[in-house]
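Below is one structure, written out as structure tokens; the observations come after it.
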Amino acid sequence: MSTDSNNSTPMLQVRGLKKYFPIYKGLFRSLKGTVKAVDDLSFDLHAKETLGIVGESGCGKTTVGRSLLRLIEPTDGEAHFMGKDIFQLGASELRSFRKNMQIIFQDPYSSLNPRMTIGSIIGDALELHGIAQGDDKFEMSKELLVKVGLQASYINRYPHEFSGGQRQRIGIARAVALHPSFVVCDEAVSALDVSVQAQVINLLQDLQDEYDLSYMFIAHDLSVVKHISDRIAVMYLGRIVELSECDELYKKPLHPYTQALLSAIPEPKPRRKKDRIILRGEVPNPINPPKGCHFHPRCPIATAQCKTGAPPVLREVGPGHSVACHLV
């Protein structure tokens with residue numbers, strides 16, 4: 001875990017990020033509604049910091065990461081990175097700017113082209129951005145393989161010859177090949193065995209120290225997020241409901257949803273009793289989210305204000321600790 005999450009100017013500033021997916025129906029493809037996957041997110045990310053993003057499946061975690069990298073186009077908002085608004089970059093400028101921003105995908109099987117050798121998978125980006133060509137490209141690819149814990153001789157092999165953990169290491173080597181400043185780890189360890197997860201997490205931390213990387217670490221495993229993150233943002237139905245320093249969030253969760261998530265973490269000592277907070281019902285439909293607080297249909301302490309009032313705004317309630325709840 002990095003300890004350099006200071007009060008300096010953030011490397012990445014996101015304001016009002018929205019991503020709505022239109023729904024078309026009928027022969028004439030008329031617009032019938034929108035899926036509000038990400039709805040008005042604002043946060044900062046400092047240099048050499050790891051920001052964990054957690055929440056249930058479908059809350060918009062992956063959409064946030066892909067929108068910031070322009071893998072999908074955002075609907076609205078601003079994202080200032082290294083002095084430039086990512087969302088305003090033209091196609092040619094964005095292409096050259098991409099070497100500063102990379103992603104590690106969730107699925108180590110589908111994220112690697114089965115028809116390309118490992119040397120080409122890692123080295124093509126080096127050639128595309130004019131860093132290395134020919135033999136130099138493959139030598140750098142070999143160095144990267146060794147750096148992520150694989151043998152240099154693997155460079156001429158194909159993805160199907162590797163295990164899931166090895167493939168994810170190859171994906172990590174591809175992501176850091178251009179020496180980026182910002183890497184989105186999109187469920188980077190969720191498809192791996194527990195023992196392999198620990199190895200990959202340690203690798204990510206070592207690379208962060210070596211390359212001064214900033215991570216957005218998207219995950220649903222709260223124990224993994226606690227191990228690697230400096231700060232954690234909890235998302236629910238497209239919005240951040242709580243944002244805090246890692247240790248503070250686990251010691252003193254304020255939002256009822258955060259409290260329910262943390263209560264679900266398995267206890268390593270079975271004899272120690274732990275109060276589980278069981279959330280009733282399902283996550284609301286993002287096409288037609290509830291009025292007021294989006295969490296109120298499942299919240300055990302919801303009041304009339306939560307059901308009918310304006311949506312709660314994320315506000316700071318303590319040093320570095322913000323929450324969006326009418327009752328806090």
Side-chain angles (χ1 to χ4, degrees), residues 1-6 8-13 44-53 65 68-69 71 79-84 86 94-106 108 111-112 118-119 121-132 136-152 154-155 165-189 192 196-219 224-225 227-231 246:
M1 183 188 301
S2 172
T3 58
D4 195 21
S5 54
N6 49 41
S8 61
T9 302
M11 184 184 69
L12 173 66
Q13 295 176 299
D44 295 334
L45 180 68
H46 293 270
K48 296 185 284 186
E49 181 187 27
T50 299
L51 175 65
I53 307 287
L68 292 177
L69 299 183
L71 296 179
H80 292 275
F81 178 70
M82 299 177 65
K84 295 185 178 181
I86 303 170
L94 176 63
R95 183 172 185 178
S96 62
F97 198 71
R98 282 194 187 280
K99 65 180 180 181
N100 300 309
M101 308 178 296
Q102 293 294 310
I103 184 171
I104 302 169
F105 293 99
Q106 175 180 357
S111 62
L112 302 180
I118 303 308
I121 289 174
I122 299 174
D124 278 5
L126 298 172
E127 184 173 353
L128 179 64
H129 289 275
I131 297 175
D136 291 338
K137 176 181 73 173
F138 288 104
E139 287 302 319
M140 291 184 66
S141 298
K142 289 179 180 179
E143 293 175 4
L144 286 164
L145 284 176
V146 174
K147 196 173 291 293
V148 298
L150 298 175
Q151 297 180 26
Y154 292 168
I155 194 168
Q166 290 174 321
R167 292 189 191 199
Q168 196 62 298
R169 289 175 184 270
I170 295 168
I172 294 172
R174 176 178 59 184
V176 302
L178 301 176
H179 293 193
S181 302
F182 172 52
V183 177
V184 174
C185 304
D186 183 14
E187 302 269 14
V189 298
L192 308 178
V196 180
Q197 284 185 5
Q199 297 171 13
V200 173
I201 290 294
N202 291 333
L203 172 61
L204 290 172
Q205 291 178 315
D206 292 341
L207 292 173
Q208 183 176 41
D209 293 336
E210 181 174 353
Y211 292 112
D212 293 336
L213 299 172
S214 294
Y215 289 140
M216 176 182 287
F217 193 84
I218 300 169
V224 171
V225 174
H227 182 71
I228 195 174
S229 300
D230 296 302
R231 291 187 300 139
C246 180

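Atom set for the values below is all heavy atoms of this structure, side chains included, hydrogens, waters and symmetry mates excluded. Since the structure is predicted, the reported quantities are computational estimates derived from the model, not experimental observations.
In this structure, CG in Leu126 is found 8.5 Å from NE2 in His179, a value given to the nearest 0.5 Å. Here Glu187 contributes atom CD and Gln106 contributes atom CD; the two are 4.5 Å apart, rounded to the nearest 0.5 Å. Here the CD1-CG distance, from Ile170 to Leu145, works out to 6.5 Å after rounding to the nearest 0.5 Å. Considering CD1 of Ile118 and CD of Gln151, their distance stands at 13.0 Å, rounded to 0.5 Å. With rounding to the nearest 0.5 Å, the separation of CG in Asp186 from CD1 in Ile103 is 5.0 Å.
In terms of heavy-atom proximity, Ser96 sits nearest to Lys99 at O-CG, 3.5 Å. Minimum interatomic distance between Ala175 and Ile104 (heavy atoms only, all atoms of both residues): CB-CG1, 3.8 Å. Between Pro180 and Leu213, the closest heavy-atom pair is O-CD2, 3.0 Å. Between Cys185 and Ala188, the closest heavy-atom pair is CB-CB, 4.0 Å. Listed here is the closest heavy atom pair of Ala125 and Leu178: O-CD2, 3.6 Å. Of all heavy-atom pairs between Ser229 and Leu51, the closest is OG-C, 4.5 Å.
Listed by first and then second residue, the side-chain hydrogen bond (donor to acceptor under 3.5 Å, both in side chains) pairs that reach into residues 165-175 are Ser163-Gln166, Arg169-Gln199, sequence neighbours excluded. Evaluation of the side-chain hydrogen bond (donor to acceptor under 3.5 Å, both in side chains) test over residues 139-150, restricted to residues two or more places apart or in two chains, returns Lys147-Glu210. Screening residues 121-132 for salt bridge (Lys or Arg N to Asp or Glu O under 4.0 Å), with sequence neighbours left out, gives Asp124-Lys137, Glu127-Lys137.
Every residue two or more places apart in sequence or in another chain that forms a side chain to side chain contact (heavy atoms under 4.5 Å, CB included) with Val224 is listed here: Val189, Gln197, Ile201, Phe217, Asp221. Listed by chain and residue number, Lys48 satisfy the side chain to side chain contact (heavy atoms under 4.5 Å, CB included) test with Asp212 (two or more places apart in sequence, or in another chain). Not counting sequence neighbours, Phe105 has no partner by the ring-ring contact (aromatic ring centres under 6.0 Å, His included) test. Every residue two or more places apart in sequence or in another chain that forms a side chain to side chain contact (heavy atoms under 4.5 Å, CB included) with Arg98 is listed here: Arg70, Leu71, Leu94. Applying the side chain to side chain contact (heavy atoms under 4.5 Å, CB included) test to Phe81 and every residue at least two apart in sequence or in another chain returns Met11, Leu12, Ile86, Phe97, Asn100, Met101, Ser181, Phe182. Contacts of His129 classified as ring-ring contact (aromatic ring centres under 6.0 Å, His included), with partners at least two apart in sequence or in another chain: none.
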Next on the checklist: Run Gln208 and Ile228 through side-chain contact (heavy atoms from CB on, under 4.5 Å) and show every step you take.
Outcome noted: CA-CA 11 Å; Gln208 183 176 41; Ile228 195 174; 5.6 Å; no
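Without hydrogens or angle criteria, Asn202 side chain to Ala198 main chain gives a donor-acceptor distance under 3.5 Å.
With Tyr215 as reference, Leu207 is the one residue of Leu45, Val184, Leu207 to meet the side chain to side chain contact (heavy atoms under 4.5 Å, CB included) rule.
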